[in-house]
Amino acid sequence: MLEVNPIPAEGLTIAEAARRTGVSAHTLRYYERAGLVVTQVDRTSGGRRRYRKLDLDWIKICTKLRATGMPIKLIRRYAELVTAGRGNEEERLALLETHREDVLAKLAELEENLKLIDRKIGVYRGRLEAGDADGLWAPGGVK
């Protein structure tokens, strides 16, 4: 598949990598310091970071895991396992399956919360349409 914005042979600057991954340059540096990156990010002779496709792909994985609530400690462990290479696939799988279960539980909780919000919206709509919004509950008896 032809990539629309191919990564140049010399790699991307940290600003370009930040734009492509949707995270800040600060976050990219943090991920590296925290041991979340599975590759050694290339550097120019002047010490500036240069990101390759593999780096960006991994950063996107990290951001998705983080966005779904995986703690940094577990992302680091996953990165360590990936970096170690073959022989620990079962541990990686178990880590991901456990996280999946956590995400499903959070989704179920969000769905329950959404049901309550939908019920409240229905009450407000009904009361407003009936012209009876004065009877809606107000903290402290404010009328």
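Below, all heavy atoms of this structure are taken into account, side chains as well, without hydrogens, waters or symmetry copies.
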Pairs satisfying ring-ring contact (aromatic ring centres under 6.0 Å, His included), at least one member in [range], at least two apart:
{"range": "residues 11-31", "result": "none"}
{"range": "residues 42-70", "result": "Trp58-Tyr78"}
{"range": "residues 107-126", "result": "none"}

- Going hydrophobic residue to hydrophobic residue with side-chain gaps under 4.5 angstrom, can you get from Ile59 over to Leu96?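 Linked, Ile59 and Leu96 end up in one cluster.
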Only distances under 3.5 Å count here; give the side-chain donor-acceptor pairs of residues 126-135 to other protein atoms, sequence neighbours excluded, each with its distance to 0.1 Å.
{"unit_1": "Arg127", "atom_1": "NE", "unit_2": "Asp132", "atom_2": "OD2", "d": "3.4"}

- Sequence-distant partners of Ala94, side-chain contact (heavy atoms from CB on, under 4.5 Å), two or more places apart: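 In terms of side-chain contact (heavy atoms from CB on, under 4.5 Å), with neighbours along the sequence ignored, Ala94 is linked to no residue.
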- Any donor-acceptor pair under 3.5 Å from Arg76 side chain to Ala34 backbone: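 Here the side-chain-to-backbone pair exists.
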- Kindly give the heavy-atom pair with the smallest separation between Ala18 and Leu28, and that separation in Å.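 Here Ala18 and Leu28 meet closest at N-CD1, 3.6 Å.
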- Smallest separation among heavy atoms of Gly35 and Ala79, with atom names: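 For Gly35 and Ala79, the tightest heavy-atom pair comes out as O-CB, 3.8 Å.
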Which residues satisfy the side-chain hydrogen bond (donor to acceptor under 3.5 Å, both in side chains) test with [X], sequence neighbours excluded?
{"X": "Ser24", "answer": "Thr27"}
{"X": "Arg92", "answer": "Asn88"}
{"X": "Thr21", "answer": "none"}

Name each donor-acceptor pair under 3.5 Å that joins a side chain in residues 38-50 to protein atoms two or more places apart or in another chain, with its distance.
{"unit_1": "Thr39", "atom_1": "OG1", "unit_2": "Asp55", "atom_2": "OD1", "d": "2.3"}
{"unit_1": "Asp42", "atom_1": "OD2", "unit_2": "Arg52", "atom_2": "NE", "d": "2.7"}
{"unit_1": "Asp42", "atom_1": "OD2", "unit_2": "Arg52", "atom_2": "NH2", "d": "2.9"}
{"unit_1": "Arg43", "atom_1": "NH1", "unit_2": "Gly47", "atom_2": "O", "d": "3.0"}
{"unit_1": "Arg43", "atom_1": "NH2", "unit_2": "Glu32", "atom_2": "OE2", "d": "3.4"}
{"unit_1": "Thr44", "atom_1": "OG1", "unit_2": "Gly46", "atom_2": "N", "d": "3.2"}
{"unit_1": "Thr44", "atom_1": "OG1", "unit_2": "Gly47", "atom_2": "N", "d": "3.4"}
{"unit_1": "Thr44", "atom_1": "OG1", "unit_2": "Arg48", "atom_2": "N", "d": "3.1"}
{"unit_1": "Arg49", "atom_1": "NE", "unit_2": "Glu32", "atom_2": "OE1", "d": "2.7"}
{"unit_1": "Arg50", "atom_1": "NE", "unit_2": "Glu10", "atom_2": "O", "d": "3.1"}
{"unit_1": "Arg50", "atom_1": "NH2", "unit_2": "Gly11", "atom_2": "O", "d": "2.7"}

- Message: Set out, in order, the CA-CA distance, both residues' side-chain angles and the distance that settles side chain to side chain contact (heavy atoms under 4.5 Å, CB included) for Met70 and Leu95, then state yes or no.
- Response: CA-CA 10 Å; Met70 183 180 276; Leu95 190 148; 3.5 Å; yes
- How would you list, by chain and number, every residue that makes a salt bridge (charged side-chain N to carboxylate O under 4.0 Å, His left out) with Glu80, sequence neighbours excluded?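 If we apply the salt bridge (charged side-chain N to carboxylate O under 4.0 Å, His left out) test to Glu80, skipping adjacent residues, the hits are Arg77.
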Can you give me every donor-acceptor pair (side chain of residues 100-115, partner residue at least two apart or in another chain, under 3.5 Å) with its distance?
{"unit_1": "Glu112", "atom_1": "OE2", "unit_2": "Lys115", "atom_2": "NZ", "d": "3.2"}
{"unit_1": "Asn113", "atom_1": "ND2", "unit_2": "Glu109", "atom_2": "O", "d": "3.4"}

- Which ILVMFWY residues are connected to Ile117, directly or by a chain of links, through side-chain heavy atoms under 4.5 Å apart?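 Traced through the cluster, Ile117 reaches Ile121.
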- Task: State, yes or no, whether a side-chain contact exists between His99 and Leu74 at a heavy-atom distance under 4.5 Å.
- Result: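 Answer no - side chains too far apart.
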- Interatomic distance, Leu56 atom CG to Ile7 atom CD1 [nearest 0.5 angstrom]: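 Answer rounded to 0.5 Å: 4.5 Å.
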